[in-house]
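Reminder, nothing fancy here: chain letters follow the sequence lines and each chain counts from 1.
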Protein chains: 2
Amino acid sequence: MAYRQGLDTDTVLQAAIEIADVQGVEQVTLAALAAKLNVKTPSLYNHIKGLPALRKQLSHLSLIRIKEAMVEAVLGKAGDDALLAAGFAYVNFARKQPGLYDAMASLPDFGDPDLQQASNNVVGFMLRLLEPYALSEEDALHVVRGFRSVVHGFASLELKNGFRMELERDESLRRLLTTYLRGLRTAD
Amino acid sequence: MAYRQGLDTDTVLQAAIEIADVQGVEQVTLAALAAKLNVKTPSLYNHIKGLPALRKQLSHLSLIRIKEAMVEAVLGKAGDDALLAAGFAYVNFARKQPGLYDAMASLPDFGDPDLQQASNNVVGFMLRLLEPYALSEEDALHVVRGFRSVVHGFASLELKNGFRMELERDESLRRLLTTYLRGLRTAD
DNA sequence: TATAATAACTAATGATATTAGTTTTGTCAA
DNA sequence: TTGACAAAACTAATATCATTAGTTATTATA
């Protein structure tokens, strides 16, 4: 009712994250957002460019936060320990903020420069973790693709309820990561 | 214009697949579908229950086809050879029918009985491939989760353009799969 | 051939995003 | 202190969708 609600971009973004995490990313609509913020839909345009732009910002934030979570997790660790911790941090982020993670994972177009840079930061972080392994640049890049596939695949299937069997999920993840790392260590 | 267009459920489904593969799954709208089939939107309701039901059918079909592709790929193969072939068949399916694959991967609710059964068939197929490894039931289920994570993660990242580096993709996939399989073979 | 089932249609409703133009409020400089 | 301007809310309008209700034409069948 009050003419000034005191909104800003961050508040809108935060509300969008909450809706995404609680109700699912497909429920992040301008209508739902406006209702949550006690504002009419068009008012949101003072703070965001539109729905696609909002989704892009969510993706961007998600990439940044996921990298932060991994950085925090590997402090004081190196080698397989660090990779294992980073893998768990990745999946745990997706568990804690399923909507935000989904916003990142389900963005159709990854061509945006901001997103590319955030994505490059994640890749750069993983390359750092691989330094002790003394791989060639090409080998390291293949491993980064492999590692990302592993953790994203696991997180994604788990979130979509793809694992319906009664079976410890952390144990599945631990085995997946250690199996992959063991394979890296071993020559054919 | 003609009053009977000769539509049936399969035709509608096929058109939906084409839109999904060419324009992306988010472009599969009843409006686009009706336009493609030279029909008004409400007419589609004679053949499908609605958009959510259509998407569910796409997911179902995708699960069936992906299993068929893997079955075909492993004929005459066993052990690591079979798993490698199945992994490539999985990813190649996603490459050939990106929209159909995405429809499967991005379905919010996997609780439907039809989908569960189709999904169980995929799991059952993978368990068969693991028979030569003589794992316990629990071990085998963990491996199935791992393998699905690996191939889905790779396919998903590749489709979303997550691999922007100039680097052979098939080589990345081959390394990922063989590394995982090598890890399975090796004890710690 | 008459009737029933079916597949198309039109019309209407409600949700959504977006744009244009308006009003109110807060801030800042004269 | 006040007046002007920028910003943030608003209303109104449009366009796109999905969906439902009710109607008409076609096909199949009894």
Have a look at B/T29 and say if it touches a base, only the backbone sugar-phosphate, or nothing, with a 4.0 Å heavy-atom cut-off.
sugar-phosphate
Compare the minimum distances between each of C/dA17, D/dT20, D/dC10 and the side chain of B/P42, then state the nucleotide with the smallest one.
D/dT20
Gap between atoms OH and P, on B/Y45 and C/dA12 respectively (whole Å)
18 Å
Which atom of B/L167 lies closest to which atom of A/R145, heavy atoms considered:
O-NH1, 3.1 Å
So that I know where these two stand, are B/F147 and B/Y90 an aromatic pair - ring centroids less than 6.0 Å apart?
no
Please report the distance, rounded to the nearest Å, between CG in A/N46 and C1' in C/dT22.
13 Å
Find the distance A/E26:CD to D/dA18:P and express it as a whole number of Å.
16 Å
Separation of C/dA8 P from B/N38 CG (nearest whole Å):
11 Å
How close or far is atom P of D/dC10 from atom CG of A/L44, stated in whole angstroms?
9 Å
Are B/R175 and B/D170 ion-paired here, with the side-chain N under 4.0 Å from a carboxylate O?
no
Can you measure A/L37 atom CG to D/dA9 atom P for me and round it to whole angstrom units?
9 Å
Does atom NZ of A/K36 have more than 12 heavy-atom neighbours from other groups under 6.0 Å away?
yes
Hey, is the side chain of A/S43 poking within less than 4.0 Å of OP1 or OP2 on D/dC10, counting only N and O atoms?
yes
Which nucleotide sits closest to the side chain of B/T41: C/dT18, C/dA8, D/dT19?
D/dT19
Looking at A/H47, I'd like to know whether one of its side-chain N or O atoms comes within less than 4.0 Å of OP1 or OP2 on D/dA7.
no
Rounded to whole Å, how long is the line connecting atom CD1 of B/I48 with atom P of D/dT20?
11 Å
Can you identify which nucleotide, out of D/dT19, C/dA8, C/dT10, has its nearest atom closest to the B/K40 side chain?
C/dT10
Just checking A/F154 against A/F163, ring centres under 6.0 Å apart?
yes
I want to verify a distance call: between C/dT18, C/dA8, D/dC10, whose nearest atom is closest to the B/L7 side chain?
C/dA8
In whole angstroms, the gap separating C1' of D/dT20 from CG of B/L51 amounts to 16 Å
